[in-house]
Amino acid sequence: MLTEEPIRTRFAPSPTGMFHVGSARSALFNWALARQQDEGRFVLRIEDTDAARNKPEWTEGIIQALAWLGISASDPHFEGPYFQSDYAGKHRESAEQLYKQGRAYYCDCTREQVQARRDNPNLGYDGFCRDRGLEPGPGRALRFRVPEGGPTVVDDAIRGRVEFDHASIEDFVIARADGSPLFALANVADDIEMQITHVVRGEEHLSNTPKQQLLWEALGHTPPGWAHLPVIVNEKRQKLSKRRDKVALESYQQEGYLPEAMVNYLMLLGWAPGDDREIMPWAEMEPLFRVSDVNSSSAFFDEKKLRAFNGEYIRGLSVEEFVRRCRPWLDPEVAPWSEENYDEDIFRAVAPLAQSRVAVLGEIVLNVDFLFLDQPVFDEASWTKAMKPGVGAEMLSATLKRFADPELAWEAEELKSALEEVGQARGLKLGKAQAPVRVAVTGRTVGLPLFESLEVLGRDRTRHRIDAALARLNA
RNA sequence: GCCCCCAUCGUCUAGUGGCCUAGGACGCCGCCCUUUCAAGGCGGUAACGCCGGUUCGAAUCCGGUUGGGGGUACCA
């Protein structure tokens with residue numbers, strides 16, 4: 001391994017329109033390694049060769065997602081983005097070189113012929129064209145000539161020595177009949193061109209590795225250090241798939257997961273800092289990360305734990321920062337209230353009360369909507385529960401009367417004592433007594449501390465809502 | 001089928017031959033606090049897949065087995 005040379009890691013996503021959480025973890029691990037050395041580099045290469053599914057805007061999405069994670073394109077350790085499609089010439093040269101060296105040969109077998117002919121059902125291509133000396137031509141693909149004897153040994157930083165017998169590796173295609181190189185070749189040619197020293201990627205690539213290592217050697221270069229990260233799985237222990245699982249980083253972002261919580265959680269999928277700490281900022285984790293310390297078994301993406309981390313990070317924010325981070329969800333453009341009704345100062349007044357009550361930022365809306373809506377949104381289950389006959393109407397009308405008293409200072413502590421008295425007169429503890437008022441004013445049985453909320457809402461609006469609830473009760 | 005990887009509480013993990021009657025975190029349960037709900041505090045539940053070795057001694061080393069997973073394209 002080129003430990004003397006500065007580390008050059010790479011992150012090589014194909015632009016498919018969404019950023020997978022597994023990719024995010026790979027990127028983070030690669031980023032940490034690159035940042036540990038002054039001259040370390042993290043190379044971003046967009047593998048856009050599959051023109052069929054590939055749009056320019058996806059690339060922008062990748063860069064934004066990386067930036068969200070703290071992997072900034074303006075950081076001196078960041079290099080790229082490079083586009084695989086720009087290196088097509090280089091790929092063809094590599095294919096040519098391999099052919100001239102006799103390390104690859106042309107093959108005109110169709111898929112059907114390969115299928116029909118194979119004597120060993122356990123192997124794919126049988127090497128039919130190996131020695132036919134075919135020249136390049138239409139309908140002829142280029143295959144790599146896998147050496148006859150011995151194994152290829154992959155030295156993996158996470159898994160150790162992994163042996164692949166050459167007998168189990170078929171002569172794989174490296175360039176299509178139309179001359180265009182395949183992933184296996186393009187990927188290696190690019191890594192060589194970009195002087196990548198360490199390939200840290202998902203375990204699903206482990207089976208490709210002996211082929212790629214063979215290619216590196218055939219092309220005259222020392223293979224990089226390999227590290228294959230365990231796959232991230234769902235509750236059924238299958239690799240996270242975009243069809244059935246929630247894998248898009250953007251979806252977590254939209255729900256209100258903080259990047260620092262996501263980064264922290266992702267780093268812990270397969271790796272641990274060592275002591276008994278789990279909540280640890282990136283700046284502390286980065287220098288501690290060792291790829292050889294990464295676990296080799298698959299890891300379940302546990303959103304419950306992510307949520308817990310996120311709540312922890314939210315509570316750690318200053319109030320002002322919390323307010324700032326909530327803005328995207330409070331914006332009247334997307335929130336259920338109108339521009340005229342929204343007032344950030346009002347939100348700021350209750351923000352400290354809300355901060356410990358949300359695990360993801362998106363939940364902020366249901367916590368404060370009653371402040372900015374003309375009418376609260378009544379949760380029917382809450383209504384039924386709080387407005388029990390004999391309690392609901394009683395409490396509401398008595399409270400309405402009590403709150404009309406101009407002597408009553410409109411301040412949380414005063415309001416609390418007032419309601420306590422109203423409740424006591426009816427043999428109700430505060431817990432029970434406050435319920436109808438809470439539902440009348442906020443629409444729900446759970447929420448922010450009531451009296452602070454009332455104070456912010458104001459006497460008139462509070463009384464109006466209690467009155468309206470009374471009407472609703474009698475309707 | 002074949003190739004390859006993996007195996008500690010439900011989950012993420014610590015653990016690299018004795019410090020382990022296996023530690024932490026999430027979850028779950030209980031108690032406390034309490035104007036609801038959270039948050040917070042305290043306590044609890046729960047694991048070395050199985051069988052053989054090696055060794056004075058094994059969660060840690062070796063073999064097998066079982067069970068998971070990944071890969072098997074002229075996709076990336």
Side-chain angles (χ1 to χ4, degrees), chain A residues 12-16 47-50 52-54 84 107 109-111 114 120-124 139-143 154 156 158-159 162-165 167-170 172-178 180-184 186-187 202-210 228 230-231 233 235-239 265 268-279 295-309 311-312 315 353-359 367 382 386 412 415-416 419-420 423 429-435 437-439 442 444-453:
Chain A
S14 50
T16 58
E47 306 218 322
D48 58 348
T49 44
D50 188 357
R53 49 169 197 211
N54 170 24
Q84 187 159 67
C107 167
C109 300
T110 62
R111 200 189 300 254
V114 170
N120 183 352
N122 298 327
L123 211 54
R140 293 177 179 179
L142 223 213
R143 287 185 182 270
V154 172
D156 189 282
I158 297 173
R159 279 146 227 285
V162 185
E163 264 190 48
F164 296 85
D165 199 304
S168 67
I169 307 175
E170 65 179 336
F172 54 99
V173 175
I174 54 177
R176 299 182 183 87
D178 67 3
S180 62
L182 261 69
F183 165 74
N187 191 264
E203 190 193 342
E204 61 270 23
H205 290 285
L206 185 54
S207 327
N208 293 326
T209 309
H228 289 90
V231 290
V233 298
E235 57 289 333
K236 291 165 71 183
R237 304 240 117 225
Q238 298 160 315
K239 184 172 82 165
Y265 178 71
L268 260 27
L269 246 31
W271 178 76
D275 52 19
D276 278 337
R277 291 177 64 199
E278 289 199 324
I279 299 288
N295 246 141
S296 39
S297 48
S298 54
F300 170 58
F301 189 90
D302 186 0
E303 194 175 349
K304 284 243 187 72
K305 186 154 181 170
L306 207 211
R307 266 183 75 84
F309 273 39
E312 187 101 13
R315 278 170 252 127
L353 305 175
Q355 199 167 351
S356 66
R357 271 164 254 259
V358 295
N367 275 274
S382 293
L415 296 172
K416 179 184 174 186
L419 200 68
E420 235 160 7
K429 286 189 178 171
L430 191 50
K432 292 281 184 195
Q434 55 96 43
V437 180
R438 176 183 290 281
V439 173
T442 72
R444 305 184 188 87
T445 48
V446 303
L448 266 28
L450 181 61
F451 307 109
E452 288 77 356
S453 298

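In what follows, chains carry the letters A, B, and so on, assigned in the order in which the sequence lines appear, proteins first and then strands, with residues in each chain numbered from 1. What's counted below: heavy atoms across the whole structure, side chains too, no hydrogens, waters or symmetry copies.
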Check your understanding: When you measure from the side chain of K304(A), which nucleotide among A76(B), C26(B), U35(B) comes out closest?
Key -> C26(B)
Practice item. With heavy atoms under 4.0 Å as the rule, sort N295(A) into base, sugar-phosphate or nothing. Key: sugar-phosphate
Point to revise | Distance test, side-chain N/O of R237(A) to OP1/OP2 of C12(B), below 4.0 Å | key: yes
Review point. Would you say the side-chain atoms of S382(A) pair up with the backbone N or O of T445(A), donor to acceptor, closer than 3.5 Å?
Key: yes
Review point. How many Å lie between CD on E203(A) and C1' on A76(B), as a whole number?
Key: 18 Å
Study note, to complete from the structure: Quick note, F300(A) side chain, CB onward, closest among U36(B), A76(B), U11(B) is U11(B)
Practice item. Give E163(A) one of three labels, base, sugar-phosphate or nothing, depending on what nucleic acid heavy atoms sit under 4.0 Å from its own. Key: sugar-phosphate
Review point. Which part of the nucleic acid does L448(A) contact within heavy-atom distance under 4.0 Å: base, sugar-phosphate only, or nothing?
Key: base
Review point. Within the pair R159(A) and A7(B), is there a side-chain N or O less than 4.0 Å away from OP1 or OP2?
Key: no
Check your understanding: How far does the P atom of G49(B) sit from the matching atom of C28(B), given to the nearest Å?
Key -> 26 Å
Exercise for review: Find the partner of A7(B): check Watson-Crick (N1-N3 plus N6-O4 or O6-N4) and G-U wobble (N1-O2, O6-N3) distances, both under 3.5 Å, and reply none if neither fits.
Suggested key: U66(B)
**Study point:** Mate of C74(B) where both pairing distances stay under 3.5 Å, Watson-Crick or G-U
**Key:** none
Point to revise | Between G41(B) and A46(B) - P atom distance, rounded Å | key: 24 Å
Revision key, fill the gap. dist N295(A):CG -> W271(A):CH2 (nearest 0.5 Å) comes out at 12.0 Å
Check your understanding: Across the strands shown, which category fits E312(A) at heavy-atom distances under 4.0 angstrom: base, sugar-phosphate, nothing?
Key -> nothing
Point to revise | Atom-to-atom span, CG of D276(A) to P of C9(B) - whole angstrom | key: 17 Å
Check your understanding: Which is true for F451(A) with a 4.0 Å heavy-atom rule: it touches a base, it touches only sugar-phosphate, or it touches nothing?
Key -> base
Study note, to complete from the structure: Partner of G40(B) under the Watson-Crick or G-U wobble criteria, both distances under 3.5 Å, comes out as C32(B)
Practice item. Determine which nucleotide pairs with A58(B), using a 3.5 Å limit on both distances of a Watson-Crick or G-U wobble pair. Key: none
Exercise for review: Could you tell me whether the side chain of E278(A) has a donor or acceptor atom within less than 3.5 Å of a complementary atom in the base of G24(B)?
Suggested key: yes
Check your understanding: Taking the same atom, C1', in U55(B) and in G18(B), what whole-Å distance lies between them?
Key -> 12 Å
Point to revise | Nearest-angstrom distance, P atom, C48(B) to C12(B) | key: 16 Å
Practice item. Ignoring hydrogens and angles, answer whether the base of A7(B) and the side-chain atoms of S297(A) contain a donor-acceptor pair closer than 3.5 Å. Key: no
Review point. Which whole number of Å gives the distance between the P atom of U8(B) and that of A59(B)?
Key: 15 Å
Check your understanding: Roughly how far, to the nearest 0.5 Å, is the CG atom of N208(A) from the CZ atom of F164(A)?
Key -> 9.5 Å
Point to revise | Selection from C75(B), C37(B), G10(B) that lies nearest to any side-chain heavy atom of D302(A) | key: G10(B)
Check your understanding: So which nucleotide from U35(B), G69(B), C12(B) ends up closest to the side chain of V231(A)?
Key -> G69(B)
Review point. For G69(B), does OP1 or OP2 lie under 4.0 Å from any side-chain N or O of K239(A)?
Key: no
Review point. Between A308(A) and Y265(A), which has a closest nucleotide on RNA chain B that is more 5'?
Key: Y265(A)
Practice item. Looking at every strand, decide which applies to T445(A) at a 4.0 Å heavy-atom threshold: base, sugar-phosphate, or nothing. Key: base
Practice item. List the steps and the verdict of side chain to side chain contact (heavy atoms under 4.5 Å, CB included) for E278(A) and Y265(A). Key: CA-CA 8 Å; E278(A) 289 199 324; Y265(A) 178 71; over 6 Å; no
Review point. Is the backbone of L182(A) close enough, under 3.5 Å, to the side chain of R176(A) for a donor and an acceptor to pair up by distance?
Key: no
Practice item. Looking at every strand, decide which applies to R315(A) at a 4.0 Å heavy-atom threshold: base, sugar-phosphate, or nothing. Key: sugar-phosphate
Review point. How would you label the contact of L206(A) with the nucleic acid (heavy atoms, under 4.0 Å): base, sugar-phosphate, or nothing?
Key: sugar-phosphate
Review point. Going through the distances and angles, do R307(A) and E312(A) end up as a salt bridge (charged side-chain N to carboxylate O under 4.0 Å, His left out)?
Key: CA-CA 8 Å; R307(A) 266 183 75 84; E312(A) 187 101 13; over 6 Å; no
Exercise for review: Return the nearest nucleotide to the side chain of A299(A); candidates are U13(B), C74(B), C37(B).
Suggested key: U13(B)
Check your understanding: Aromatic rings F183(A) and H205(A): how do their planes relate, parallel, tilted or perpendicular, breaks at 30° and 60°?
Key -> tilted
**Study point:** Length of the line joining E170(A):CD and A73(B):C1', which is rounded to integer Å
**Key:** 9 Å
Review point. So what does H228(A) touch, heavy atoms closer than 4.0 Å: a base, only the sugar-phosphate, or nothing?
Key: nothing
Check your understanding: How far apart are the C-alpha atoms of S298(A) and R237(A), what are their side-chain angles, what is the distance that settles it, and do they pass the side chain to side chain donor-acceptor pair (under 3.5 Å) test?
Key -> CA-CA 8 Å; S298(A) 54; R237(A) 304 240 117 225; 3.2 Å; yes
Review point. For atom P, what is the distance between C4(B) and G10(B), given to the nearest Å?
Key: 31 Å
Practice item. Name the nucleic acid region contacted by A435(A), choosing base, sugar-phosphate or nothing; use a 4.0 angstrom heavy-atom cut-off, strictly under. Key: nothing
Point to revise | Value in whole Å for how far the C1' atom of A25(B) lies from CH2 of W271(A) | key: 15 Å
Practice item. Tell me whether the OP1 or OP2 atom of U36(B) has a side-chain N or O from R444(A) closer than 4.0 Å. Key: no
Revision key, fill the gap. Per nearest nucleotide of RNA chain B, the residue lying toward the 5' end, L430(A) or F301(A), is F301(A)
**Study point:** Below 4.0 Å: OP1/OP2 of C75(B) and any side-chain N or O of R176(A)
**Key:** yes
Review point. Expressed as a whole number of Å, how far does the P atom of A14(B) sit from that of C9(B)?
Key: 13 Å
Practice item. Could you work out the separation of C51(B) and A25(B) based on their P atoms and round it to a whole Å? Key: 32 Å
Revision key, fill the gap. By the Watson-Crick or G-U definition, both distances under 3.5 Å, A46(B) is matched with none
Point to revise | For the student: nearest non-hydrogen atoms of L448(A) and A354(A), plus distance | key: CD1-CA, 3.9 Å
Point to revise | Nearest-Å distance for atom pair CD/C1', residues E204(A) and G71(B) | key: 10 Å
**Study point:** Sugar-phosphate only, base, or nothing, as touched by G311(A) at under 4.0 Å among non-hydrogen atoms
**Key:** nothing
Revision key, fill the gap. I169(A) CD1 to C4(B) P, in whole Å, measures 10 Å
Review point. Taking atom C1' of U36(B) as reference, at what distance in whole Å does atom CD of E452(A) sit?
Key: 12 Å
Review point. Within the structure shown, what part of the strands sits under 4.0 Å from F164(A) by heavy-atom distance: base, sugar-phosphate, or nothing?
Key: sugar-phosphate
Review point. Ignoring hydrogens and angles, does a donor from either the side chain of K305(A) or the base of C12(B) sit under 3.5 Å from an acceptor on the other?
Key: yes
Review point. In whole Å, what is the span from the CD atom of Q238(A) to the P atom of G68(B)?
Key: 11 Å
**Study point:** Residue that, paired with E203(A), satisfies side chain to side chain contact (heavy atoms under 4.5 Å, CB included) out of D156(A), I158(A), V231(A)
**Key:** V231(A)
